[in-house]
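Working notes, beginning with the structure itself.
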Amino acid sequence: MQHRLIWFRDDLRINDNAAVSAALNCDSDTRISAVFLTADDEWESFGYGKNRLYYTEQLLRNLAIALAQHGVQLQVVRLPNYDAQSRWMGDFCQREQVTDLYFNQEYQWNERIRDHQLATSLDGVNVQSFVDRVLLQPGTVLTGDGRYYSVFSPFKKRWLSVYQENNHLPYQTLNMTRSQVATPQWTSLCEAPESDLSAFATDERQIQIDLKDFVDHRLADYDSNRNQPSIRGTSRLSAALARGLLSPRQCVRVAEEALSRPIWDFPAGAFSWVNELIWRDFYQHLLIGFPRLSKNKAFRPETEALQWRNNSEEIESWKSGQTGIPIVDAGMRELKQTGWMHNRVRMVVAQFLTKNLLCDWRIGEAHFMQFLVDSDLGANNGGWQWSASTGTDAAPYFRVFNPVSQGETHDPDGQYICRFIPELANIQKSKRHAPWLGSIPSGYRPPIVDLKSSRQRAIDAFKDLKS
Ligand SMILES: Cc1cc2nc3c(=O)[nH]c(=O)nc-3n(C[C@H](O)[C@H](O)[C@H](O)COP(=O)(O)OP(=O)(O)OC[C@H]3O[C@@H](n4cnc5c(N)ncnc54)[C@H](O)[C@@H]3O)c2cc1C
């Protein structure tokens, strides 16, 4: 008898899941098992925080219930690292006579090494891996001479033409007639999150409602609203996409259905959302094309020589949202309180840390990894290296964001900053982004750094690097 094992990772859903769909395409005599393996010590060394783990736990609970209703029991096994996962897999496959193993591909270096070793060591098991996390498989969007792109615009152009050449049919959803099994128990991955995560959907039904709500009500104006952190202008689907409660294909499909046309014919406003999904693909492709990105290394090796200041007091002020620069402090407090931060503000706080405070981008990347519910190596590393001017297609080093003008442009009334720094609500709107221009309200502090001279210091440090 066939025994198929589905190994869930960051793809915690049943519908439109490539590995699940393939595994369930069988008759009812086939035995089907499912597993999720942790790597507690290794994940701790990657800096995965409680928000991510707690959210994963919630998704697993709902996935286990959904699978049990369809006659598949999901085991969650606590293990210390990827070596232990490989050993567990070998033992389980042998003991339970697994004939076929199904999983979706992951693109970070350690995960790829693990999967490669496993595929070559599992004797007698048919190992099948699938492309699921991205819209286009890494390796299918290459330059004319077969290299991975390192600049987004030509990547996007090529991506769109490859996308148009291919069919993108949904993976068949679950259709099984098996009797229900008991929902399994396991030791919780994380008892409580660090932030209030109640805004994030944890089951497939709710995330589809959230997706549809965004597409029906906010997609058309996405381009004009996406940079305003005070309003709900973006989809806020990143956590679901990062942990795989939602697939990028589902995002595209729901948008295409609503607009009754393929993405390449979308009006500009809606296309700019698809553009973000292409950025998402871009950063995953880069992980394969440039493995050093998974190894804590700068994309531009010459920037490794940069003389970062790494002042520990300043870093603490930045982490706790106490820099005296309102948009930076609001963003850092939003991150701690909600486990999420608006993209515009992510860029502002990242530039402030790496340019005005001249701190190594890896410090910021690790802090985001600890708190973001949507933490993802590709996007996080990409965002940090872009902001620090050390990455692919990065912000030019001499274009340093001014956090005051960023605030005034994207949060003109200061609504966003007052949500997280209520003491600023009592001062004139025109001074909210630079309260030091008047009298600083009690409870708030003067800036820890002079924006003008610190900007110049960063530019000089990058110039030194060049010379
Ligand atoms: C310093 C920094 C760190 C970041 N770290 C992460 C991270 O760990 N995980 C993460 O998912 N995103 C990260 N981003 C990208 C981006 O900020 C978030 O994806 C976005 O804010 C999520 O909000 P949303 O779901 O409303 O996005 P929307 O604007 O609705 O975009 C739709 C989806 O596209 C993807 N996306 C959007 N922008 C980007 C981008 N710039 N790069 C890659 N994918 C993108 C996300 O999956 C997002 O859900 C980071 C950006 C910066 C500047």
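Worth saying up front: this structure is predicted, and the values here are computed from it rather than measured. For ligands, and for the atoms within them, numbers begin at 1 and follow the listed sequence. We number each residue from 1, following the sequence as shown.
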Ligand 1 contact by Y222, heavy-atom criterion under 4.0 angstrom: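 It does, in that a heavy atom of Y222 comes within the 4.0 Å cut-off of ligand 1.
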Sub-4.0 Å heavy-atom contact, F214 with ligand 1: no
Selection from N225, L277, D281, T234 by shortest heavy-atom distance to atom 26 (O) of ligand 1: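 Among N225, L277, D281, T234, the closest heavy atom to atom 26 (O) of ligand 1 comes from T234.
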Heavy-atom proximity to atom 19 (O) of ligand 1, best of A350, S375, G383, S238: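 Nearest option to atom 19 (O) of ligand 1, by heavy atoms: S238.
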For E314, salt bridge (Lys or Arg N to Asp or Glu O under 4.0 Å) partners two or more places apart: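 If we apply the salt bridge (Lys or Arg N to Asp or Glu O under 4.0 Å) test to E314, skipping adjacent residues, the hits are R309.
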Criterion side-chain contact (heavy atoms from CB on, under 4.5 Å) against L12, the qualifying member of N62, T202, L74, L63: L63
Option among T38, I65, V76 that satisfies the side-chain contact (heavy atoms from CB on, under 4.5 Å) test with L60: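 The side-chain contact (heavy atoms from CB on, under 4.5 Å) with L60 is passed solely by V76 among T38, I65, V76.
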Polar atom proximity, L237 to ligand 1 (N or O, under 3.5 Å):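 Indeed, backbone or side chain, L237 has an N or O that close.
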Distance-only N or O hit between ligand 1 and H342, under 3.5 Å: no
Residue pair Y283, V134: steps toward the side chain to side chain contact (heavy atoms under 4.5 Å, CB included) verdict: CA-CA 10 Å; Y283 284 137; V134 282; over 6 Å; no
Is it the side chain, the backbone, both or neither of [X] that has a heavy atom closer than 4.0 Å to ligand 1?
{"X": "F282", "result": "neither"}
{"X": "L372", "result": "side chain"}
{"X": "S235", "result": "both"}

Would you tabulate the side-chain donor-acceptor contacts of residues 246-256 under 3.5 Å, counting partners in other chains and residues two or more places apart, or write 'none'?
from	atom 1	to	atom 2	distance (Å)
S247	OG	D16	OD2	2.6
S247	OG	R249	N	3.4
S247	OG	Q250	N	3.0
R249	NE	D16	OD1	3.4
R249	NE	D16	OD2	3.0
R249	NH1	D132	O	3.0
R249	NH2	D16	O	2.9
R249	NH2	D132	OD1	2.7
Q250	OE1	Q208	NE2	3.4
Q250	OE1	S247	N	2.9
E256	OE2	I263	N	3.0

